[in-house]
Each structure stands twice: as structure tokens, then as C-alpha cells.
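Data block below; observations after.
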Amino acid sequence: MKVETLKELNAERAARRPVIVVTDTANGEQRLVKAKDFAADPLNAELSKALRMGKSTNVEVGGKKLFLNVYAPTAKLVIIGAVHISQALAPLARSLDYDVTVVDPRTAFASPERFPDVPLVAEWPDVALPPLNVDHYTAFVAVTHDPKIDDPALLHAFERECFYIGALGSRKTHAKRGERLRAQGAKESDIARIHAPIGLDIGAVSPSEIAVAIMAEITATLRLPPKEKEVAA
């Protein structure tokens, strides 16, 4: 790899921006493609699929054998609310290699005893969230059922363009949530991005089952092409 390419690669990775290095396996020629440039690239379909799956792969296009080396940021999961569902969701997400953080200003809930080995931030969202560098590679889950905590957290998630935003509550609860968020400046497109009721509809009842439904929905949002996402929903 050329020094210039390596420098550019390291800069993109440091900024948590995904890139793919395309190598012609016949002659070793390489080029770096940033995710924002995929749409205009002749390998758009192949690049998009490789990034979506998060795996490097070999492809053959136009008679050329190419290796697509994927550099994607580690996905984050920010859980707003140190509740029973979160106790099941955090270790499940960690087993899938997510960087997990639980945020809840209620110290009776956000305790190391209830969340061993999980980073906890016992602060209100306005204090807790900015240092977490929430970004597009972040799944954001609000499960406190307390508007004073969930609502400002969701507004932050909208600003940071999280790839998944979910919130606990029935359709009636979500309708009221939408009214509150609109009053605070949220756009209709923002509110439409919230997965609510949260999680895939698998008939989940217990906190552990709800955690599975949430993680399944996050995975579908991350991995499936847009049309298949609609079917899964």
C-alpha cells in the first residue's frame, strides 16, 4: 500500500468514516473508496454489499478479480435507561461486538452491581451524550419510559444521524412522544426514523425476549438492503 493511501486510510478510520480499499489481485493496483463516494463508483453494488455485511471479500467484475478490504468502524450501542431490558440487551450486544454504554441519571438503576463490565454514565443526557461521540455507526435505544430522560436523548440521536433509533412504548405512547418531540423542534422525518414499538414483532414478553427482538431489529437495519428491511419490519 502506498504511503499516501495509508495516510488517507488512517485519517478516515480515525474519524470513524468507513472506507474500502480495492485491490486488483492480478497486478496489485489499489485505490481507496470512501463510503460517501460509493454511489458514483462503478463498483457501487459490490462496495455497498461488502460494507453492509462488514466483511472483506473477493469479487470478479468486468473480467477483473478484485479484493475488497472493508474498514468499518466498530458499531456502538447507546442504551438510555438502566432497566431490566437493558440488563439483558447490554451483554447480548457485547457478544455481537458492539461497544455498549448505558446512560441513566438514576443512580439506583445505573449501578455496577446491575451492569457488571458495562460502561455506565449516571448523568442526564445533555451531560452524558456529547462525550460519547454518537455517530452514524451508533444504534440508539431509549427505554426509560421517562420523557425527561428519553426525549432529550432522542433529539441528540436525530442530530447525530444514528443508523438505528428505537424507543420503548405502545403506539399510543409513541404518538404522545411524537407530539412532545415536534414541540421541541423535531422534524417529521426524524420522528419517522424511530422504531416504536421497539424491536421486531416476535411476540416477546420477558425483558430477555424483548432484548432479542431489539437486537434483531438493529441487526436487520444494519445488514439488510432497504427493500428487505421493509419486509422485516
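Residues: numbered from 1 along the sequence shown.
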Listed by chain and number, what are the side chain to side chain donor-acceptor pair (under 3.5 Å) partners of Thr57, not counting sequence neighbours?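 In terms of side chain to side chain donor-acceptor pair (under 3.5 Å), with neighbours along the sequence ignored, Thr57 is linked to no residue.
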Report yes if some heavy atom in the side chain of [X] is under 4.5 Å from a heavy atom in the side chain of [Y]; otherwise report no.
{"X": "Ile80", "Y": "Asp150", "value": "yes"}
{"X": "Leu96", "Y": "Met215", "value": "yes"}
{"X": "Leu181", "Y": "Leu155", "value": "yes"}
{"X": "Lys55", "Y": "Val70", "value": "no"}
{"X": "Lys76", "Y": "Arg16", "value": "yes"}
{"X": "Glu29", "Y": "Thr23", "value": "no"}
{"X": "Ile214", "Y": "Ile218", "value": "yes"}
{"X": "Leu168", "Y": "His145", "value": "yes"}

Counting N and O atoms only, with roles assigned by atom type, does the side chain of Thr107 sit under 3.5 Å from a partner on the main chain of Ala110, one being a donor and the other an acceptor?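 Such a contact is absent between Thr107 side chain and Ala110 backbone.
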Heavy-atom closest contact ([X] atom, [Y] atom, distance):
{"X": "Ile191", "Y": "Gly178", "value": "CD1-O, 3.6 Å"}
{"X": "Ile198", "Y": "Tyr164", "value": "CG1-OH, 3.4 Å"}
{"X": "Leu129", "Y": "Ala153", "value": "CD1-CA, 3.8 Å"}
{"X": "Thr138", "Y": "Cys162", "value": "O-CB, 3.2 Å"}
{"X": "Phe158", "Y": "Asp190", "value": "CE2-O, 3.3 Å"}
{"X": "Pro147", "Y": "Pro152", "value": "O-CD, 3.5 Å"}

Quick one: hydrophobic cluster around Val205, which other residues, with the 4.5 Å side-chain cut-off, linked directly or via members?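 Taking Ile, Leu, Val, Met, Phe, Trp and Tyr as members, Val205 stands alone, with no cluster partners.
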Met53: hydrophobic cluster co-members (side-chain, 4.5 Å):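 Answer for Met53: none, a lone residue.
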Do you know which of Asp41, Asp37, Asp24 makes salt bridge (charged side-chain N to carboxylate O under 4.0 Å, His left out) with Arg31?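 With Arg31 as partner, salt bridge (charged side-chain N to carboxylate O under 4.0 Å, His left out) holds for just one option, Asp41.
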Member of Arg13, Lys34, Arg17 meeting the salt bridge (charged side-chain N to carboxylate O under 4.0 Å, His left out) criterion with Glu8: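 Going through Arg13, Lys34, Arg17 one by one, the salt bridge (charged side-chain N to carboxylate O under 4.0 Å, His left out) with Glu8 is satisfied by Lys34 alone.
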Which residues satisfy the side-chain contact (heavy atoms from CB on, under 4.5 Å) test with Ala211, sequence neighbours excluded?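 Per chain and number, Ala211 pairs via side-chain contact (heavy atoms from CB on, under 4.5 Å) with Ala88, Leu89.
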Please enumerate all residues that pass side-chain contact (heavy atoms from CB on, under 4.5 Å) together with Pro91, with sequence neighbours excluded.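 Listed in chain order: nothing, the list is empty.
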same_hphob_cluster([X], [Y]) at 4.5 Å side-chain heavy-atom cutoff:
{"X": "Phe67", "Y": "Leu51", "answer": "no"}
{"X": "Ile210", "Y": "Ile79", "answer": "yes"}
{"X": "Leu32", "Y": "Val22", "answer": "no"}
{"X": "Leu154", "Y": "Val127", "answer": "no"}

Candidate pair Thr74 and Asp99, rule side-chain hydrogen bond (donor to acceptor under 3.5 Å, both in side chains), full reasoning: CA-CA 7 Å; Thr74 299; Asp99 284 342; 4.9 Å; no
With sequence neighbours left out, which residue pairs that include part of residues 101-121 fulfil the salt bridge (charged side-chain N to carboxylate O under 4.0 Å, His left out) condition?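 Output for this query lists Asp104-Arg106.
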Given the rule in the salt bridge (charged side-chain N to carboxylate O under 4.0 Å, His left out) test, do Arg180 and Asp151 qualify, once you have shown the distances and angles that lead to the verdict? CA-CA 8 Å; Arg180 294 193 307 270; Asp151 288 3; 2.6 Å; yes
Do other residues, nucleotides or ligands put more than 12 heavy atoms under 6.0 Å from the NE2 atom of His84?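 At most 12 heavy atoms, drawn from other residues, nucleotides or ligands, come within 6.0 Å of this atom.
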Determine the interplanar angle of the Phe163 and His136 rings, folded into 0 to 90°, and report it as parallel if under 30°, tilted if 30 to 60°, perpendicular if over 60°.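 Geometry flag for His136 against Phe163: perpendicular rings.
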Should Tyr71 and Glu12 be marked as a side-chain hydrogen bond (donor to acceptor under 3.5 Å, both in side chains) after you check the CA-CA gap, both sets of side-chain angles, and the distance that decides it? CA-CA 9 Å; Tyr71 294 89; Glu12 293 301 300; over 6 Å; no
For side chain to side chain contact (heavy atoms under 4.5 Å, CB included), just list the numbers for Lys187 and Arg182, CA-CA rounded to whole Å, side-chain angles, deciding distance to a tenth of an Å, and then say yes or no. CA-CA 6 Å; Lys187 297 177 291 186; Arg182 289 185 194 94; over 6 Å; no
For residues His174 and Arg171, is any side-chain donor paired with an opposing acceptor at under 3.5 Å?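 Judged by distance alone, the side chains do not pair up.
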